[in-house]
*Asks:* 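Below is a structure I'd like to ask you about.
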Protein chains: 2
Amino acid sequence: MLTERQLLILQVIIDDFIQSAQPVGSRTISKKDNVSYSSATIRNEMADLEELGFLEKTHSSSGRVPSEKGYRFYVDHLMSPFNLSGQEKTFVKQAFNHQMVEFEQVVQQSARVLSELTNYTSIILGPEVYETKLKQLQIIPLSQISAVAILVTDTGHVEHRSFTIPVEIKPADLEKMVNILNERLNGVPIIYLHHKLNTEIAELLKKHTSEFEKAYQYLRAALFDEQPAKLYVGGKTNILMQPEFRDIDKVRTLYSMIEEETEIAHLLRHNSTDIKVSIGTENEVNAMKDLSIITGSYSIGDTQLGTIALLGPTRMEYSKVISLLSLLSDRMTETFHSWYQKGSTGE
Amino acid sequence: MLTERQLLILQVIIDDFIQSAQPVGSRTISKKDNVSYSSATIRNEMADLEELGFLEKTHSSSGRVPSEKGYRFYVDHLMSPFNLSGQEKTFVKQAFNHQMVEFEQVVQQSARVLSELTNYTSIILGPEVYETKLKQLQIIPLSQISAVAILVTDTGHVEHRSFTIPVEIKPADLEKMVNILNERLNGVPIIYLHHKLNTEIAELLKKHTSEFEKAYQYLRAALFDEQPAKLYVGGKTNILMQPEFRDIDKVRTLYSMIEEETEIAHLLRHNSTDIKVSIGTENEVNAMKDLSIITGSYSIGDTQLGTIALLGPTRMEYSKVISLLSLLSDRMTETFHSWYQKGSTGE
DNA sequence: TTTAGCACTCGCAATTAAAGAGTGCTAACA
DNA sequence: TGTTAGCACTCTTTAATTGCGAGTGCTAAA
């Protein structure tokens, strides 16, 4: 549809704007090394590109700015692949050289790396617990009337809840029950836990006294209330350095959204292993209309654990961010893999 | 030192400024109901108060603004006690009526209440784990080569760490060791754990094979690396509504500080049970020079668990904040107390 | 001792003017 | 016919000017 020349010009304009954050004029473009047309020619092409919806003007006589459509086209067809600098590669490497033994550590390091190398805000969605399998259930009494229930998954994730023990239940009974549960539930995907608990196990427990019934209810409440997936945010202040965030009100709406968690979690979660780019209003949330989100994922084996994302202005260094995100996503997956599958853990 | 009239005027000025955030002029004051002097008289007194260092001018011909010394004097001598409105009391009550079974829940609710009722940012410092006692240690193997260690304290706090099992250690040995440790360490304050481990227990373990020695090292590393106290922040965006935070740069320095955690944790931690007010530069950190911090504490029995604080501009509703903070601090302490001491838990 | 009155100081908002960046269009050119 | 030089025009940005109002400090009178 577009001519070679138009493609070139569009690309150069967007590249320049991503760098400068300033509307770019025809003369600026004509001076670039890889462009050999006069400013007048560029002007004509720009007018056409604007008519086609790829560019916009901020006011009637000023340089052009990429439109959302322009960015979309850029990301899909124009963007030149980004080569991470040696420095950047080393930075990532070092972060993962750290002796890391814990899930949270890895996630936090990754979030940090992402935000430091990009100057955008990184958000990592913790694992959807429901996709992992139960390893062990523990009830540890704290006093006569309270106990803490601990649930460990095969990925080493630990969930815990304190609860009060109803007086009619004897500690010994509780223990017996936990034993039964452990026996029957080991290895069951958390996602089926609830179901299995309600059918098989409920049957089994009914054979025992009514006290079991009561205790079981407590346990269920303590363990299976919905646990929202955890959000790890890095470099929240980075975005304040972007010129598009000079406006306090914008900052506030964005931060409120991040603080509130559920909406953004919903926005980020995605199930493909590809990297996905959502530009501006493509996010379908008003607060995001000037922002882009790039999401990737990390996994253990075939189980996809969570989402890793970068949040920045629509004027984003897409190419760099995409390279970096896919690098980090791989590194995370590798690390987790080495822990739970092979055995050659970094020690 | 100051005359009655000066006290009155100073108080009224500060009260007004806390409300309006605008420099207050002599006429504004003379119009107040409880002030019966003409603007000229007020002007003279203001000039004196300025000379004494309690007030400042933003420029040569504008109303006065309280100085840091002014606020300090206000907090110490002038402030009138604040009566929480019925609405506010209900709000707090409702928040604590929720059936709460977990430490984190209580803390998060409290942080939320504080920030919502004040429109400032609340920060709660999690318990210093080292002040609580060990309840139980658990090692749960995940695979041939990895396991997760879980440490439960008597306050229901759960710490966990994944680690890799060195090949030379057999699962059975590990279990035996955990048993020994549990037997010997139950009820030991976490703060002594390290010491006790190094002396008594080390002795005990040395009697067994060298493999114990090795395993013990791993365990220690996994469990007793320093765990920074957790920070719960509520209403981070509230502060953006304060007129003194129109300036993005200020916002950035503050947020960076909160994000970085250690410095602010150090700033907040305090050991008295009183409420402490730190105004502006009294905080001895440059980023805090226009901010005040009010801190209180919460505890279980005699063990002080953590710090609860509010962060706002020096132009803060000190009186309200102090009432609220002490209310919340009591409520938290009560709640925890009811869990672990008496037995009349809210169920 | 208090207060009325008045000249004076600043900051702020609105107005105007000039400069500069960039466009669109026309006409000339290869 | 596609490209480019030239020029008038548009619109933003910045600085300078002005007037207004809030507030002060001082003086003199009550």
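Here is the naming used below: chain letters follow the sequence lines, and residue numbers restart at 1 for every chain.
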*Asks:* For residues 6-33 of chain B, which residues have at least one heavy atom under 4.0 Å from DNA chain D?
*Replies:*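 Output list: B:Gly25, B:Ser26.
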*Asks:* Using nucleotides 16-19 of chain C, report all nitrogen or oxygen pairs with the protein that are shorter than 3.5 Å.
*Replies:*
none

*Asks:* Contact between A:Arg5 and A:Leu8 at the side-chain level, heavy atoms closer than 4.5 Å - yes or no?
*Replies:*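 Contact flag for A:Arg5/A:Leu8 side chains = no.
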*Asks:* Nearest to the A:Tyr37 side chain among C:dG24, D:dT4, C:dT3, which nucleotide is it?
*Replies:*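 The answer is D:dT4, which lies nearest to the side chain.
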*Asks:* Go through it in stages, so that I can follow the logic: the residues are A:Leu231 and A:Leu125, the test is side-chain contact (heavy atoms from CB on, under 4.5 Å), and I'd like the CA-CA distance, side-chain angles, deciding distance and then a yes or no.
*Replies:* CA-CA 5 Å; A:Leu231 227 57; A:Leu125 224 56; 2.8 Å; yes
*Asks:* Below 3.5 Å is the cut-off: list the nitrogen or oxygen pairs between protein and nucleotides 7-11 of chain D, distance only.
*Replies:*
{"from": "D:dT10", "atom 1": "O3'", "to": "A:Ser60", "atom 2": "OG", "distance (Å)": "3.1"}
{"from": "D:dT10", "atom 1": "O2", "to": "A:Ser61", "atom 2": "OG", "distance (Å)": "2.4"}
{"from": "D:dC11", "atom 1": "OP1", "to": "A:Ser60", "atom 2": "OG", "distance (Å)": "3.2"}
{"from": "D:dC11", "atom 1": "O5'", "to": "A:Ser60", "atom 2": "OG", "distance (Å)": "3.2"}
{"from": "D:dC11", "atom 1": "O4'", "to": "A:Ser61", "atom 2": "OG", "distance (Å)": "3.2"}

*Asks:* Could you check how far CE of A:Met46 sits from P of D:dT4, rounded to whole Å?
*Replies:*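 After rounding, the reported distance stands at 15 Å.
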*Asks:* Working note: B:Gln6 + B:Leu49, criterion side-chain contact (heavy atoms from CB on, under 4.5 Å); need CA distance, chi angles, decisive distance, verdict.
*Replies:* CA-CA 7 Å; B:Gln6 284 175 323; B:Leu49 286 167; 4.2 Å; yes
*Asks:* What is the distance from CD1 of A:Ile42 to C1' of D:dT4, rounded to the nearest Å?
*Replies:*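 Going from CD1 in A:Ile42 over to C1' in D:dT4 covers 11 Å.
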*Asks:* By side-chain hydrogen bond (donor to acceptor under 3.5 Å, both in side chains), which residues pair with A:Glu116, not counting sequence neighbours?
*Replies:*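 None.
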*Asks:* Looking at every strand, decide which applies to A:Thr41 at a 4.0 Å heavy-atom threshold: base, sugar-phosphate, or nothing.
*Replies:*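 Base contact - A:Thr41 has a heavy atom under 4.0 Å of at least one base atom.
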*Asks:* Please determine, for the side chain of B:Arg5, which listed nucleotide (C:dT2, D:dG25, C:dG24) has the closest atom?
*Replies:*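 From the listed options, C:dT2 comes nearest.
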*Asks:* In whole Å, I'd like the distance from the CD atom of A:Glu56 to the C1' atom of C:dT23.
*Replies:*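 Whole-Å distance recorded here is 17 Å.
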*Asks:* Could you state the atom-to-atom distance from CZ of B:Arg64 to C1' of D:dA22 in whole Å?
*Replies:*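 For the pair B:Arg64 CZ and D:dA22 C1', the rounded distance is 13 Å.
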*Asks:* Tell me, do B:Lys236 and A:Tyr255 make a side-chain contact under 4.5 Å, heavy atoms counted?
*Replies:*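 With C-beta onward as the side chain, the pair stays apart.
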*Asks:* Output all residues satisfying side-chain hydrogen bond (donor to acceptor under 3.5 Å, both in side chains) with B:Asn283, sequence neighbours left out; order by chain, then residue number.
*Replies:*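 side-chain hydrogen bond (donor to acceptor under 3.5 Å, both in side chains) check on B:Asn283 returns nothing, list empty.
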*Asks:* Any sub-3.5 Å donor-acceptor pair from A:Ser319's side-chain atoms to A:Met79's backbone N or O?
*Replies:*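 No; zero donor-acceptor contacts below 3.5 Å.
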*Asks:* Mind calculating the distance between NZ (B:Lys57) and C1' (D:dT24) to the nearest angstrom?
*Replies:*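 Distance, rounded to whole Å: 6 Å.
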*Asks:* With a 4.0 Å cut-off, would you call B:Glu244 and B:Lys250 a salt bridge?
*Replies:*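 Between B:Lys250 and B:Glu244 there is no salt bridge, as every charged N stays at least 4.0 Å from the carboxylate O atoms.
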*Asks:* Show your working on side-chain contact (heavy atoms from CB on, under 4.5 Å) between A:Phe245 and A:Leu291 and close with a plain yes or no.
*Replies:* CA-CA 11 Å; A:Phe245 275 85; A:Leu291 297 172; 3.5 Å; yes
*Asks:* Figure out the CD/P separation between B:Glu45 and C:dT2, and round it to whole Å.
*Replies:*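 Taking CD of B:Glu45 and P of C:dT2, I get 8 Å after rounding.
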*Asks:* Considering residues at least two apart in sequence or located in another chain, which fulfil the side-chain hydrogen bond (donor to acceptor under 3.5 Å, both in side chains) criterion with B:Lys57?
*Replies:*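 Residues passing side-chain hydrogen bond (donor to acceptor under 3.5 Å, both in side chains) with B:Lys57: none at all.
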*Asks:* Under a plain distance cut-off of 3.5 Å, with no hydrogens placed, do B:Ser256 and B:Thr253 share a side-chain donor-acceptor pair?
*Replies:*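 Looking only at side-chain atoms, B:Ser256 and B:Thr253 do not form any donor-acceptor pair under 3.5 Å.
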*Asks:* Measure from CG on A:Asn44 to P on D:dG2 and round the result to the nearest Å.
*Replies:*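 Answer to the nearest Å: 11 Å.
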